[in-house]
Number of protein chains: 2
Amino acid sequence: MIDDHLRLDPMPEASIDAEALGRHLQQLRETRGWSLSRLANDAGIAKSNLCRLEQGNGNPTLDTLWRLAAQLEVPFGTLIKPVTAVLDDQGVQIQLIDQGHDRPSVDVYWMHLDAQVERWSLGHPKGVRETITVISGSLCTGAEALTRTLAPGDSHSFAADGPHLYATEDQASSAIVTIVYPSRTVPT
Amino acid sequence: MIDDHLRLDPMPEASIDAEALGRHLQQLRETRGWSLSRLANDAGIAKSNLCRLEQGNGNPTLDTLWRLAAQLEVPFGTLIKPVTAVLDDQGVQIQLIDQGHDRPSVDVYWMHLDAQVERWSLGHPKGVRETITVISGSLCTGAEALTRTLAPGDSHSFAADGPHLYATEDQASSAIVTIVYPSRTVPT
DNA sequence: ATCGAACGTTCTATTTATCGAACGCTCTAG
DNA sequence: CTAGAGCGTTCGATAAATAGAACGTTCGAT
């Protein structure tokens, strides 16, 4: 008669950042020059609901988010980016997009750098390679001795087992980063 | 005193596919050999809640989804893929990941092909280029006359303004597709 | 001035997502 | 065979997300 897992809350604090989501929603809306009333109506949700969300109280339903993303014409992942992306200390955001479980295994990240950011990565294990594809802005990246400056649409592939750079100048930049781990451990 | 936007529901049917989400959740859980009770407990949600979600009734909260994604160690976007991805008629799934609004503008898609799929795209406007990066499986892709077969981690860039191919053989494949639209309309 | 329309906020009502506790089931230990 | 533990489901209670109606404000038209 002793039932199974009983107590809740061995997960201390994993709560979502509702305030960041609210700011993000508001920014997306105001960028389009839309009123709160209009967006709520077009999306098919109550404006009181949207108001509360933008104010940073809120834990919206999947359906609500879905309707907002559709109306704002923004990919779903973009809408909840402030919740899912890891915010680095110095102007860098990272979000894991997908993982391949084949050999070689591949991790895909979305990355955003603010303007005037210079970030060095100390290097992954031997044999790891990265491919960067720039989505917006201008990004200087590559292995220590051989960096390239990429425009939107450009790609660059390089060995990432040594120090490598991500840097922006006067404009921010976002990019897709694929990290390829070798099939077998490559001897040094 | 006439208040603003009044009636709801000029949005006919945009409801999420709860059944697909349920199947997906269950599949993720069972792949890991976890019991429903255990996952619910570890994620910090009631198992009655998870049960209902897996059964396909459900409109989970962002917080609930977040906890499940964290516990399943799966990117958030992956968890809700059945909701956000467009399912093609013949074994092809597409999901818009991100959009760049610079010039040139870039769209980023995640794509999945079942095994034994051969899909031809008739071609985008002049000057459009695509870059494919394979995440898992083996994918044959490229412009009509010049296709390549890619392994996980491989990339291929080609002009996409003519017919181009995506094809798998005996194993399914997923990939990241970036579509680059030219800054100015390129004359034919 | 005054009216009306739209804005964002706040209030109450209702729906419902979530919780916690049962239940019936299977399986194993003894 | 029985007792206990875990499983997935179902049920009532509760908390919370959402809906709808009011409010005070601003702004333009008349």
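Numbers restart at 1 for each chain; the letters A, B, ... are given by sequence-line order, proteins then strands.
Atoms CG (A:Asn59) and P (C:dT18) sit 8 Å apart, rounded to a whole Å. The nearest whole Å value for the distance from the CZ atom in B:Arg52 to the C1' atom in D:dC11 is 13 Å. Distance A:Glu54 CD to C:dT9 P: 7 Å, rounded to the nearest Å. Rounded to an integer number of Å, the gap from NZ of A:Lys47 to C1' of D:dC23 is 10 Å. Per the geometry, CG belonging to B:Asn49 stands 14 Å off C1' belonging to D:dA17, to the nearest Å. Here C:dA6 presents its P atom at 13 Å from CZ of A:Arg38, a figure rounded to the nearest Å. Counting to the nearest Å, the P atom of D:dC7 and the CG atom of B:Asp42 are 11 Å from each other. The CG-P distance, from A:Leu53 to C:dT9, rounds to 12 Å in whole Å.
Proximity note for B:Cys51 (side chain, C-beta onward) versus C:dG8, C:dG20, D:dT9: the nearest is D:dT9. Among the nucleotides C:dG8, C:dC19, D:dC7, the one closest to the side chain of B:Ser37 is D:dC7.
Within 3.5 Å, no donor on the side chain of A:Ser35 pairs with an acceptor on the base of C:dA6, nor the reverse. At a cut-off of 3.5 angstrom, counting only N and O atoms as typed in the model, there is a donor on one side and an acceptor on the other between the side-chain of A:Ser48 and the base of D:dG20.
Residue A:Gln55 is in sugar-phosphate contact alone, with no base atom involved, counting any heavy-atom pair closer than 4.0 Å across all strands shown.
Under 3.5 Å, the side chains of B:Gln95 and B:Thr84 contain a donor-acceptor pair of N or O atoms.
Checked against the 6.0 Å centroid threshold, B:His164 and B:His124 count as a close aromatic pair.
The main-chain N or O of B:Gly137 is found under 3.5 Å from a side-chain atom of A:Asp102 such that the two form a donor-acceptor pair.
A 3.5 Å limit on both hydrogen-bonding distances identifies C:dC19 as the Watson-Crick or G-U partner of D:dG12.
Here B:Arg32 does not pair with B:Glu73 in a salt bridge; the nearest charged N to carboxylate O distance is not below 4.0 Å.
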